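One structure is given below, encoded as structure tokens.
Here the structure is a predicted model, which is why all the values come from computation and not from measurement. Letters A, B, ... mirror the listed sequences (proteins, then strands); counts begin at 1.
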Protein chains: 2
Amino acid sequence: MAKRRTNPDYLNGVPELLVLRLLEQRPMYGYELVQEIVRSTGERLEFGEGCIYPLLHRLESEGTLTAKRQQVGGRERVVYRVTRKGKGKLAEAAAQWMRVAEAVTLVLHGGNNEQRQPAIA
Amino acid sequence: MAKRRTNPDYLNGVPELLVLRLLEQRPMYGYELVQEIVRSTGERLEFGEGCIYPLLHRLESEGTLTAKRQQVGGRERVVYRVTRKGKGKLAEAAAQWMRVAEAVTLVLHGGNNEQRQPAIA
DNA sequence: CCTCCATGCCTCAGAGTTACAGGTATTTGA
DNA sequence: TCAAATACCTGTAACTCTGAGGCATGGAGG
């Protein structure tokens, strides 16, 4: 019955891709990112803090992001920014996403292509 | 260094989606499916037998597929077919894929949409 | 004749990511 | 005064794919 508790379909790697892309547009802090993901996907996707925070920590330790602590009205925020290395990683991730999306679209909408064999000439 | 051994990005659930879609077009056996996935995705994706066989067994036990054994030239093949229930599942899976793909595309290509608040009037 | 490769089925351990529930602390509004 | 929003954090469980391996038959080439 229960749909699927963990590892929902098609979302593997998506949080990382979205975080990198959104942070490339402007620096943000974790709590803000969680909400911005909901907003920017038109409410199609939502990732909890339990997904985003560990991800941010991992990306920072990899050198993909840098973190800067800020005090705002008595509250602390950790603002993240994409490094040069992170931009390279984003480009690769986006390319890989496109590759997968093309593949799936081919099969879903592409009907039954005949087997191509380009011939040597 | 090593790219990523397991859990490649964006592929979670994709084998199931492709298997259902390809079997909807025509019944196939496991070994054939492994090759057909490579072909029909234009060599963009490839899933090993260690992924496909357990998946077929699971889908059969769920009632999504039916299996029929055939003897062909001394070799045995297990040919799978999508059940009515499986077609429903495929429709749901495809819809869910579209939802995710739209969300990611929105963020990747959609630039920086301003926050919409449709206003009650 | 014998060997290698393709066919065709199968299983298992390992790796990696997300979900969910829970924890802490401050500020704001009712 | 109390609840909710803000803002950070962690750990466990769950799930799927990878890669390597095993078994057996048939056909092609030396």
Side-chain angles (χ1 to χ4, degrees), chain A residues 1-20 27-38 45-62 64 67-80 93 96-97 100 103, chain B residues 1-20 27-38 45-62 67-80 93 96-97 100 103-104:
Chain A
M1 294 304 124
K3 300 298 174 87
R4 186 175 261 114
R5 271 179 273 276
T6 61
N7 288 19
D9 286 339
Y10 322 124
L11 293 187
N12 211 320
V14 169
E16 178 174 317
L17 177 59
L18 297 188
V19 162
L20 287 177
M28 280 185 269
Y29 53 99
Y31 191 83
E32 187 183 11
L33 263 170
V34 170
Q35 296 170 116
E36 180 62 17
I37 287 177
V38 175
L45 296 181
E46 172 166 14
F47 299 104
E49 302 172 28
C51 169
I52 298 303
Y53 284 118
L55 172 58
L56 291 171
H57 300 157
R58 201 194 77 212
L59 291 176
E60 189 198 354
S61 74
E62 287 174 3
T64 306
K68 202 186 330 183
R69 296 184 171 268
Q70 283 184 1
Q71 297 293 333
V72 177
R75 290 200 195 83
E76 189 181 56
R77 291 176 179 171
V78 185
V79 177
Y80 292 91
Q96 176 63 11
W97 161 263
V100 172
Chain B
M1 292 303 122
K3 299 298 172 90
R4 185 176 261 114
R5 270 181 275 275
T6 61
N7 288 19
D9 286 338
Y10 321 124
L11 293 188
N12 211 323
V14 170
E16 179 173 316
L17 177 60
L18 298 189
V19 161
L20 287 178
M28 279 186 269
Y29 52 98
Y31 191 83
E32 188 183 9
L33 264 170
V34 170
Q35 298 169 114
E36 180 61 16
I37 288 176
V38 175
L45 296 181
E46 172 167 13
F47 299 103
E49 301 173 28
C51 169
I52 298 302
Y53 283 118
L55 172 58
L56 290 172
H57 301 158
R58 201 194 75 213
L59 292 176
E60 189 199 353
S61 75
E62 287 175 4
K68 200 183 337 181
R69 298 186 170 265
Q70 285 184 0
Q71 297 293 332
V72 177
R75 289 199 195 81
E76 189 181 56
R77 291 176 179 170
V78 185
V79 177
Y80 292 91
Q96 176 63 10
W97 161 263
V100 172
V104 173

[N] [atom2] sits how many Å from [X] [atom1], rounded?
{"X": "A/L11", "N": "C/dG16", "atom1": "CG", "atom2": "P", "answer": "20 Å"}
{"X": "B/L18", "N": "D/dC17", "atom1": "CG", "atom2": "C1'", "answer": "14 Å"}
{"X": "B/L55", "N": "D/dT16", "atom1": "CG", "atom2": "C1'", "answer": "10 Å"}
{"X": "B/N12", "N": "D/dT16", "atom1": "CG", "atom2": "C1'", "answer": "5 Å"}
{"X": "A/R58", "N": "D/dG11", "atom1": "CZ", "atom2": "C1'", "answer": "17 Å"}
{"X": "A/H57", "N": "D/dT10", "atom1": "NE2", "atom2": "P", "answer": "5 Å"}
{"X": "A/Y80", "N": "D/dC8", "atom1": "OH", "atom2": "C1'", "answer": "9 Å"}
{"X": "A/Q71", "N": "D/dC8", "atom1": "CD", "atom2": "P", "answer": "11 Å"}

About how many Å separate [atom2] of [Y] and [atom1] of [X], when rounded to the nearest 0.5 Å?
{"X": "A/L18", "Y": "A/F47", "atom1": "CG", "atom2": "CZ", "answer": "6.0 Å"}
{"X": "B/E32", "Y": "B/I37", "atom1": "CD", "atom2": "CD1", "answer": "11.0 Å"}
{"X": "A/E36", "Y": "A/Y29", "atom1": "CD", "atom2": "OH", "answer": "11.0 Å"}
{"X": "B/R75", "Y": "B/Q70", "atom1": "CZ", "atom2": "CD", "answer": "14.0 Å"}

In terms of relative ring orientation, are A/W97 and B/W97 parallel, tilted or perpendicular, with 30° and 60° separating the classes? parallel

Shortest side-chain distance from B/V78, nucleotide among C/dC9, D/dT18, D/dA7: C/dC9

The side chain of B/R77 is closest to which nucleotide in this list: C/dC9, D/dT18, C/dT18? C/dC9

Return no unless some side-chain N or O of A/Y53 is found under 4.0 Å from OP1 or OP2 of D/dC9. no

Residue-phosphate contact under 4.0 Å: A/Y29 side-chain N/O, D/dA7 OP1/OP2: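 Answer is yes, contact under 4.0 Å.
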
Along DNA chain C (nearest heavy atom to each residue), the more 5'-positioned of A/G50 and A/G74: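 Here A/G50 is the residue nearer the 5' end.
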
Between A/R75 and B/Q35, which residue's closest nucleotide on DNA chain C lies nearer the 5′ terminus?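 Between the two, 5'-proximity favours B/Q35.
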
For A/E49, which contact category applies under a 4.0 Å heavy-atom criterion: base, sugar-phosphate, or nothing?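 Base contact.
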
Between A/G30 and B/V14, which residue's closest nucleotide on DNA chain D lies nearer the 5′ terminus? A/G30

